[in-house]
Amino acid sequence: MTKRVLSGIQPSGNLTIGNYVGAIRQWIENQDQYDAYYCVVDLHAITVGHDPAALANKTREVAALYLACGLNPDTNVVFVQSHIPAHSQLEWLLTCATPLGWLYRMTQFKDKSAKQEQESVSTGLLSYPVLMAADILLYHAELVPVGDDQKQHIELTRDVAQRFNHLYGEIFTVPEGIYPTTGARIMGFDDPTTKMSKSSDAQKHAVHLLDDLKQVHKTIMSAVTDSGNEIVFSKDPEKAGVNNLLTVYQAFTGKSESEVMANLADARGYGDLKKAVAEIVVEALRPIQENYAELTDDVSYIDSILAYGAEKASEVAEKTLKEAQEAMGFLMARQTVKP
Ligand code: ATP
Ligand code: LTN
């Protein structure tokens, strides 16, 4: 049987090569094998401060990038999370079945809330993983392709599904996360000890999919390394910068570690390594940027894909929501109103 897949990215900044390698590339590589749903999770993007004037365009941009990277909208359902009210509705039902302690344990909540004034941390930032669980469980997704940083959220989704099923009956499929073998966590070029993140403002931190290609080259050439000169894959924290560059090279070429080392045998130092990585990344981004320009030439094209996607997604989501409501004992609304 074809497996059901769901994943999504928040329109909370400019998509990075981390989002590409950790998530989108997995979606594309296996797109013929799955019955897949990919959403732009705009409701997640408002959990930290956002710009209302930019949200709609960002949402469209992320959807266009899914397609520009190679996702086929004829065989995958591509949609916007907020277009399907069932996501917010199921979230509330699941929230009431989720112990608060489970949410306080989430490291992403701890990290993101620590960066804000404690008084202004939103409740949404805490309940965010429950919304993610709703996204996944509404579609009975069996597999969720994401980067490493989402492991804890996937575990929580599994726990919530199991708890709900135990309390109210077997409604939800318990999903599994799938993670790329290479590049599940790309680190920042300015600081190889922190994950590359699209919401970081730091200069030279990330390469974004739509960055000017000269800038891409510059950012990679400025990557932080170490004071040595040894080009090796290594878990030594001292060598995190070099390891990250090699990982990016490996992720973009699809080669094994030993093939990567053989390819780079002539590199004399870190300058040569960075140049090789920059060339690979620039050539991978070039066709994506060309596709993106073509796709966004006609604004209504992306909107029509999203409208079609919402129709398909809603068929599945509405059905699951009703099942969950019935299982919890709600009086179901009837079609005919006149007594
Ligand atoms: P934000 O900074 O807004 O929290 P983000 O860059 O961490 O954003 P998300 O929208 O949280 O991106 O993640 C979208 C997908 O990209 C997820 O599957 C996530 O695991 C993956 N991802 C994000 N950053 C990386 C990274 N540095 N390396 C690998 N995968 C990543
Ligand atoms: N929390 C995820 C984004 C996300 C997601 C999802 C991923 C929201 N809903 C459902 C997979 C499936 C993140 O990457 N920050």
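In listed order, ligands and their atoms are each counted from 1. Since this is a predicted model, take the numbers as computed values, not measurements.
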> What do the steps show when you test Tyr20 against Phe252 for ring-ring contact (aromatic ring centres under 6.0 Å, His included), and what is the final call?
Replying inline: CA-CA 10 Å; Tyr20 176 70; Phe252 275 91; 5.7 Å; yes
>> Looking at Lys204 and Asp190, is there a salt bridge between them, counting it only when a charged N and a carboxylate O are closer than 4.0 Å?
In response: no
> At what distance is the nearest protein heavy atom to atom 28 (N) of ligand 1, and which residue and atom is it?
Replying inline: Ile186 N, 2.8 Å
> Hey, is Arg185 touching ligand 1 through its side chain, its backbone, both or neither, going by heavy atoms under 4.0 Å?
Replying inline: backbone
> Does ligand 1 have a heavy atom under 4.0 Å from the side chain of Ser199, from its backbone, from both, or from neither?
Replying inline: both
> Under 3.5 Å, side chain of Gln31 to main-chain N/O of Asn72, donor-acceptor pair present?
Replying inline: yes
> Hey, does Gly183 sit under 4.0 Å from ligand 1 if you only count heavy atoms?
Replying inline: yes
> Quick one: does Ser197 get an N or O within less than 3.5 Å of an N or O on ligand 1?
Replying inline: yes
> Strictly under 6.0 Å, is that where the ring centroids of Tyr168 and Phe330 end up?
Replying inline: no
>> Under a 4.0 angstrom heavy-atom cut-off, which atoms of ligand 1 come close to Gln150?
In response: 20 (O)
> Counting only N and O atoms by type, is there a donor-acceptor contact under 3.5 Å from the side chain of Lys274 to the main-chain atoms of Ala223?
Replying inline: yes
> Below 4.5 Å, heavy atoms only, C-beta onward: do Asp42 and Gln10 meet side chain to side chain?
Replying inline: no
>> Out of all atoms in ligand 1, which are within 4.0 Å of some heavy atom of Ser12? Include the element for each.
In response: 3 (O)
>> Below a 4.0 angstrom heavy-atom separation, can you tell me which part of Asp149, side chain or backbone, both or neither, approaches ligand 2?
In response: neither
>> Please check whether Met196 reaches ligand 1 - meaning an N/O of the residue sits under 3.5 Å from an N/O of the ligand, judged on distance alone.
In response: yes
> Between Tyr128 and His44, does the ring centroid distance fall short of 6.0 Å?
Replying inline: yes
> Considering only heavy atoms of Gly22, which atoms of ligand 1 have at least one such atom less than 4.0 Å away?
Replying inline: 29 (C), 30 (N)
> Nearest to atom 10 (O) of ligand 1, what protein heavy atom do you find, and at what distance?
Replying inline: Lys198 NZ, 2.7 Å
> Does Val21 have a heavy atom less than 4.0 Å from any atom of ligand 1?
Replying inline: no
>> Starting from atom 16 (O) of ligand 1, what is the nearest protein heavy atom, named by residue and atom, and what distance separates them?
In response: Asn19 ND2, 3.1 Å
>> Which of the numbered atoms in ligand 2 are under 4.0 angstrom from any heavy atom belonging to Leu6?
In response: 10 (C), 12 (C)
>> As an exercise, identify every atom of ligand 1 less than 4.0 angstrom from a heavy atom of Ala23.
In response: 15 (C), 16 (O), 18 (O)
>> Tell me the nearest of Pro145, Gly147, Ala141, Gly8 to atom 7 (C) of ligand 2, using heavy-atom distances.
In response: Gly8
> Salt bridge or not for Asp149 and Arg185, using N-O below 4.0 Å?
Replying inline: no
> Is the shortest N/O to N/O distance between Pro145 and ligand 1 below 3.5 Å?
Replying inline: no
> Are any of the N or O atoms of Asp135 closer than 3.5 Å to those of ligand 2?
Replying inline: yes
> Does Gln81 approach ligand 2 within less than 4.0 angstrom via side chain, backbone, both or neither, non-hydrogen atoms only?
Replying inline: neither
> For atom 7 (O) of ligand 1, what's the nearest protein heavy atom and its distance?
Replying inline: Lys195 NZ, 2.3 Å
> Which ligand 2 atoms, with their elements, are less than 4.0 angstrom from a heavy-atom of Ser7?
Replying inline: 11 (C), 12 (C)
>> Tell me the contacting part of Val144 for ligand 2: side chain, backbone, both, or neither, using a 4.0 Å heavy-atom threshold, strictly below.
In response: side chain
>> Between the side chains of Glu315 and Lys319, is the shortest nitrogen-to-carboxylate-oxygen separation below 4.0 Å, so that they form an ion pair?
In response: no
> What residue and heavy atom of the protein are closest to atom 2 (C) of ligand 2, and at what distance?
Replying inline: Gln150 OE1, 3.3 Å
> Considering Gly177, Gly147, Gly18, which one's heavy-atom position lies nearest to atom 18 (O) of ligand 1?
Replying inline: Gly147
> Quick one: which ligand 2 atoms are inside 4.0 Å of a heavy atom on Val146?
Replying inline: 7 (C), 11 (C)
> Counting only heavy atoms, which portion of Lys112 has something under 4.0 Å from ligand 1: side chain, backbone, both, or neither?
Replying inline: side chain
> Starting from atom 20 (O) of ligand 1, which protein heavy atom do you reach first, and at what distance in Å?
Replying inline: Asp149 OD1, 2.5 Å
>> I'd like to know if the side chain of Lys58 reaches the main chain of Ala45, judged simply by a donor and an acceptor atom lying under 3.5 Å from each other, with no hydrogens or angles considered.
In response: no
> Of all the atoms in ligand 2, which lie at a distance below 4.0 Å from a heavy atom belonging to Gln10?
Replying inline: 15 (N)
> Counting only heavy atoms not in Asp74, do more than 12 sit closer than 6.0 Å to its CG atom?
Replying inline: yes
> When the aromatic ring centroids of Tyr139 and Phe172 are compared, is their separation below 6.0 Å?
Replying inline: no
>> What verdict does the side chain to side chain donor-acceptor pair (under 3.5 Å) test give for Asp191 and Thr193, after you've listed the backbone C-alpha separation in whole Å, the side-chain angles of each residue and the deciding distance to 0.1 Å?
In response: CA-CA 5 Å; Asp191 174 4; Thr193 62; 2.6 Å; yes
> Arg163 and Ala97: which non-hydrogen atoms are nearest, and at how many Å?
Replying inline: NE-O, 2.8 Å
> Looking only at heavy atoms, is any part of Ala184 under 4.0 Å from ligand 1, and if so is it the side chain, the backbone, or both, or is it neither?
Replying inline: backbone
> Under 6.0 Å between the ring centres of Trp27 and Tyr34?
Replying inline: no
> More than 12 foreign heavy atoms under 6.0 Å from CG of Asn229: is that the case here?
Replying inline: no
>> Below 4.0 Å, non-hydrogen atoms only: which portion of Ile9 touches ligand 2? Side chain, backbone, both or neither.
In response: neither
